[in-house]
Amino acid sequence: MFQDRLHAHLVPALQAAFKLHFGHDLDGSKVVFQQTRPEFEGDVTINVFPFLKASGQGPERTAQLLGDHLVAKLDIIERHNVVKGFLNLVISDAYWLGFLAEVGTKDLLAFPSTGMEMMVEYASPNTNKPLHLGHLRNIFLGWSVSRILEAAGHKVIKVQVINDRGIHICKSMLAWLRFGNGETPTTSGLKGDKLVGKYYVEFDKAYKKEVESLVASGRAKEEAEKQAPILLEAQEMLRKWETNDPDVRALWERMNGWVYDGFNATYARIGVSFDKDYHESGTYVLGKADVLAGLKKGVFYEKDGAVWVDNTKEGLDEKVLLRRDGTSVYMTQDIGTAIQRFEEFPGLRKLIYTVGNEQDYHFKVLFIILKKLGFAWADELFHLSYGMVDLPTGKMKSREGTVVDADDLVQEVVDTARAVTSELGKLDAFTDDERTALFEMIGLAALKYYLLKVDPKKRMLYDPAASIDLQGHTGPFIQYTYARIQSLLRKAGMDADALGTTMGIHALLPEERAVIKHLHQFPAVLNEAATRLDPSTVANHTYELVKAYNGFYQSVPVLKEEDAEKRSRRLALSTVVAATTKKAMWCLGIDVPERM
RNA sequence: GACCCCAUAGUUCAAUGGAUAGAAUAGGAGUUUCCUAAACUCUUGAUCCAGGUUCGACUCCUGGUGGGGUCACCA
């Protein structure tokens, strides 16, 4: 259970009680709250086992004495019971209703500004291939983490690094020159990134053919793979690029431009954006000077003409940072760009790299190097490492054509949303535009929620059937609950004045209490998500909230309630649930509809 | 070979060292003259194996087994 605002109420009283009865100080960090199990009476449970050493008493007696004290001293504790070492506390209706009234008019999930500036890097595509399912997990994660940090009061700068240079794009360029016949996105009707991707595949085909024929004419396979003429030509093109050959540069600009148009179309459809784009072509020369400076300072060393770092003391290996010919490696670049970013944004308090866990080692090394170079901010670097997405058939492999294309995937979930929603036939009042917008909203909710509800660190399975499911633990289920509340509120005529009058003489029903308790925990959940950079925490708690609300909705009348006080209290509760759900989904990058 | 990560119902996911391990889905049984049944209620079903630490272990430690990843003067 999360440490919510009750914690602040209870811990001091608990410590005072402890001192009084057992004569020792109680370490506040040992006080852990949990949700009371449904089979016992209570709202909050305190486990007293950790206190026994200090109390010198058995668990029952320790719990009993503390419980008696709390009931006597605190109005908000109605009564208690003790089961083994567990002290179950019943919190008063007044406390819960007071909480509801307090949040009734404000955003439960908006924290005061911290003034802290944080950069989140995500997406980071290569320009030779379209985006795929793996990118989607990365992008939704990065976007959601950005939103969560924003909600938590931080200032967030969202950036992507576009890997726009290198042998990969030269391969596409060369193949396009050879086989393209001047084809463009306009003449072909293909999205720009798809067109360039197509020629990357064409290159590979031609290359394989050349290797085969070389092998057939008696060359060793390894040699053939290195000597295939088309590969040599691509490498030559890269050299020309590096020496600013005007023709090569012009073609490169043109084809990358197509790719950006394609990427931007995808980004727009899935509802994400960036505050700043970095291009590898502009940063790949960075870092060299920093490494040389480190060499001078003795942080690095020279061996065989190359510059190395020795991380064996940290349990890692030695690693080359500058080749014998003085050129950079990938690590060099990353050193340089990190330094550049902190120069550009001196107020940065955190730099988060959303990158797959196959690069865990790379980032470990990078962070150690920056620390060794003496940058204080090296401690503020964070690798938001996420697991690969597997298919039911196994790994995604581009060579085997099992990669799930991002645009195709989005289209598929939207189509499914259209089919299912149309079947349910609740859209009579919708215009065509409204329908289209709703299908997009529902389809994307299904996809995003599916990818975000899993702990980012973990490898996950992408099951096409489950990802377009609209029932159960899904995004559309949450949207549906929201839409149903909106319908309720519209019919109630939303008489805002009534919402203040939630206090009253009627006891809370268990269903009402359950919903309020979920709301009550939510700020702590958001805090946790922001600390751990984990959207799944928010996703799962939102689900629990709306599930509790559905239970309430099912068995407790709202509009049909005749008692005005009960009715307005339930409307107030519904209002807060809707607002909180909307904000929580905003944190996940998911929109919610007013009706569906 | 070395290092890192993972292993929970049939399946996909939860569970700050704490009570009888939760959901969803699939399977079975129900709920609508009533605020949206994309909902709700009931039900079947799981901690890879062997040791250890602890009052208490899915969680921590050791050793297995199985799966994934990383280990270029590549990016």
Side-chain angles (χ1 to χ4, degrees), chain A residues 1-3 32-34 36-37 39-40 45 47-50 52-53 58-59 83-86 88 126 163 165-168 280 284 303-308 315-317 319-331 333 356-362 364 385 387-388 390 392 394-395 417 420-421 423-424 426 442 446 450 453-455 457-463 465-467 469-474 476-481 483-492 528 536-537 540 543-544 546-547 549-561 570-571 574 595-596:
Chain A
M1 181 169 171
F2 301 94
Q3 309 301 303
V32 176
F33 288 10
Q34 43 185 323
T36 305
R37 295 204 142 244
E39 58 269 34
F40 305 110
T45 294
N47 180 354
V48 301
F49 277 106
L52 298 186
K53 252 184 204 149
V83 182
K84 294 191 241 173
F86 297 92
N88 301 319
N126 285 1
N163 297 305
R165 54 132 247 135
I167 191 71
H168 53 85
E280 201 203 347
Y284 83 109
K303 187 173 77 183
D304 304 330
V307 179
W308 295 72
L316 305 173
D317 289 320
K319 165 95 193 155
V320 165
L321 299 177
L322 284 178
R323 298 189 190 99
R324 197 170 12 176
D325 64 6
T327 54
S328 297
V329 295
Y330 192 51
M331 186 67 74
Q333 248 186 80
N357 64 7
E358 75 271 21
Q359 295 205 39
D360 283 356
Y361 182 81
H362 173 82
K364 233 184 246 179
S385 165
M388 298 289 102
D390 284 329
K395 264 199 87 171
V420 173
T421 306
E423 176 115 359
L424 288 173
K426 298 177 179 179
I442 294 173
Y450 182 82
K453 73 175 173 184
V454 181
D455 183 340
K457 292 193 298 296
K458 293 195 178 167
R459 179 179 203 89
M460 70 176 289
L461 184 91
Y462 175 78
D463 176 1
S467 74
D469 205 337
L470 311 181
Q471 286 166 18
H473 189 183
T474 65
F477 170 87
I478 296 168
Q479 291 178 316
Y480 175 72
T481 307
R484 217 159 52 160
I485 296 174
Q486 292 311 298
S487 168
L488 202 62
L489 297 179
R490 277 192 300 271
K491 286 184 179 157
E528 181 89 359
S536 73
T537 316
N540 289 312
Y543 172 69
E544 280 167 26
V546 301
K547 197 170 162 52
Y549 182 84
N550 277 337
F552 158 82
Y553 180 91
Q554 190 72 23
S555 55
V556 180
V558 180
L559 296 179
K560 294 185 183 348
E561 173 58 54
R570 288 169 196 167
L571 279 170
S574 301
R595 53 190 95 211
M596 70 184 272

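Every chain is numbered from 1 and lettered A, B, ... according to where its sequence line falls, protein lines coming before strand lines.
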With a cut-off of less than 4.0 Å, is there a side-chain N or O of [X] near OP1 or OP2 of [N]?
X        : N     : result
A:Tyr480 : B:A38 : yes
A:Ser487 : B:C35 : no
A:Arg484 : B:A37 : yes

Checking all strands, does [X] fall into the base, sugar-phosphate, or nothing category for heavy-atom contacts under 4.0 angstrom?
X        : result
A:Gln479 : nothing
A:Asn550 : sugar-phosphate
A:Asp304 : base
A:Thr481 : nothing
A:Leu488 : base
A:Arg459 : sugar-phosphate

Quiz prompt | Secondary structure string for RNA chain B (Watson-Crick or G-U under 3.5 angstrom, | for other-strand pairs) | solution = (((((((..((((....[...)))).(((((.......)))))....(((((..]....))))))))))))....
Quiz item: Which nucleotide sits closest to the side chain of A:Tyr553: B:A37, B:C73, B:A38?
Solution: B:A37
Quiz item: Which nucleotide in the list B:C40, B:A7, B:U70 gets nearest to the side chain of A:Tyr361?
Solution: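 The answer is B:U70, which lies nearest to the side chain.
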Quiz item: Looking only at heavy atoms, what is the nearest atom pair of A:Asn540 and A:Lys453, with distance?
Solution: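 Closest pair (atom of A:Asn540, atom of A:Lys453, distance): ND2-O, 3.4 Å.
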Quiz item: Tell me, do A:Phe477 and A:Asn550 make a side-chain contact under 4.5 Å, heavy atoms counted?
Solution: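 Yes, close enough: below the 4.5 Å cut-off.
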Quiz prompt | Minimum side-chain heavy-atom gap A:Thr36-A:Phe86 below 4.5 Å | solution = no
N/O contacts under 3.5 Å, protein versus nucleotides 19-30 of chain B?
unit_1 : atom_1 : unit_2   : atom_2 : d
B:A19  : N6     : A:Thr45  : OG1    : 2.9
B:A19  : N6     : A:Asn88  : OD1    : 3.1
B:A19  : N1     : A:Asn88  : OD1    : 3.4
B:A23  : O2'    : A:Tyr543 : OH     : 3.3
B:A24  : OP1    : A:Lys547 : NZ     : 3.0

